[in-house]
Trainee: 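Let me begin by handing over the structure; questions about it come next.
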Amino acid sequence: MKNKKTLVLGATAKPDKYAYLAINKLVEKGHSVLAIGQNTSEVAGVKIYTKQIPLANIDTVTLYLNPKRQVEYYNYIIETKPKRVIFNPGTENPQFLQLLESNGIKAQVACTLVLLATNQY
């Protein structure tokens, strides 16, 4: 399996949240993980930052932010030039999806946890 450097946007240290589960599963599957959330914390050895950090060579951005909260990250993500952005359930955003695709970035409406569990990540 290839290591896909992933940014989890909307990360949290709350064990009952999907972003928390995704960080754990990504690390377990051997992917490099960076995380940005509302509160500084750590999950599975991954530091959660509270502001935009310099990024390079990102394969995937997986979103756990509602569409309104995504707006402040549009340029940040586009300038990072990831290969794909995953819109997890509840994060679907047709405007951002179209913006990504017009910038040559694959947008995927899917569940990161399901993709990892079925080896489609």
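The structure presented is a predicted model; accordingly, all values stated were derived computationally and were not measured.
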Trainee: Search all heavy atoms of L100 against all heavy atoms of A107 and return the closest pair with its distance.
Mentor: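 Reported closest heavy-atom pair: CD1-CB, 4.2 Å.
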Trainee: Looking at Y74 and N93, what are the two nearest heavy atoms and their distance?
Mentor: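 Minimum heavy-atom separation between Y74 and N93: OH-ND2, 3.1 Å.
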Trainee: Compare every heavy atom of H31 with every heavy atom of K4, then report the nearest pair and how far apart it is.
Mentor: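 So the two residues come closest at N-ND1, 2.9 Å.
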Trainee: Check the hydrophobic clustering (I, L, V, M, F, W, Y; side-chain heavy atoms under 4.5 Å; chains of links allowed) and say if F87 and V8 are grouped together.
Mentor: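 Cluster IDs for F87 and V8 differ.
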Trainee: Please assess Y73 against V85 for the test side-chain contact (heavy atoms from CB on, under 4.5 Å), listing each intermediate value before the final yes or no.
Mentor: CA-CA 12 Å; Y73 293 99; V85 174; over 6 Å; no
Trainee: Quick one: OG on S32 to CG on L7, what's the gap to the nearest 0.5 Å?
Mentor: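 Interatomic distance, S32 OG to L7 CG, rounded to 0.5 Å: 12.5 Å.
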Trainee: Please confirm whether the backbone N or O of G90 pairs with a side-chain atom of E92, one donor and one acceptor, at under 3.5 Å?
Mentor: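 Yes; judged by distance alone, with no hydrogens or angles, the pair exists.
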Trainee: Which atom pairs, one a donor and one an acceptor, fall under 3.5 Å between side chains of residues 42-65 and the rest of the protein, sequence neighbours left out?
Mentor:
unit_1 : atom_1 : unit_2 : atom_2 : d
Q52    : NE2    : E72    : O      : 3.2
T60    : OG1    : R84    : NE     : 2.9
T62    : OG1    : N88    : ND2    : 2.6
T62    : OG1    : T112   : OG1    : 2.5
Y64    : OH     : N88    : OD1    : 3.4

Trainee: Is V27 linked to L9 within one hydrophobic cluster, defined over Ile, Leu, Val, Met, Phe, Trp and Tyr using a side-chain heavy-atom separation of less than 4.5 Å?
Mentor: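 They do not share one cluster, since no chain of ILVMFWY contacts under 4.5 Å joins V27 to L9.
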Trainee: Measuring from Q70:CD to L99:CG, what's the distance to the nearest 0.5 Å?
Mentor: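 Here the interatomic distance stands at 11.0 Å.
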Trainee: Report whether V109 and V71 are members of the same hydrophobic cluster (ILVMFWY, side-chain heavy atoms less than 4.5 Å apart, transitive linking).
Mentor: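 Same cluster: V109 reaches V71 through Ile, Leu, Val, Met, Phe, Trp or Tyr contacts under 4.5 Å.
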Trainee: Can you tell me how far apart CD1 (I105) and CG (L97) are? Round to the nearest 0.5 Å.
Mentor: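 Between I105 CD1 and L97 CG, I get 11.0 Å after rounding to 0.5 Å.
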Trainee: What's the spacing between Q38 CD and R69 CZ if we round to 0.5 Å?
Mentor: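 Taking CD in Q38 and CZ in R69, the distance rounds to 4.0 Å.
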Trainee: Please list, one pair per line, the donor and acceptor atoms closer than 3.5 Å that link side chains of residues 15-25 to other protein atoms, with sequence neighbours excluded.
Mentor:
unit_1 : atom_1 : unit_2 : atom_2 : d
N24    : ND2    : Y20    : O      : 3.0
K25    : NZ     : E28    : OE2    : 3.3

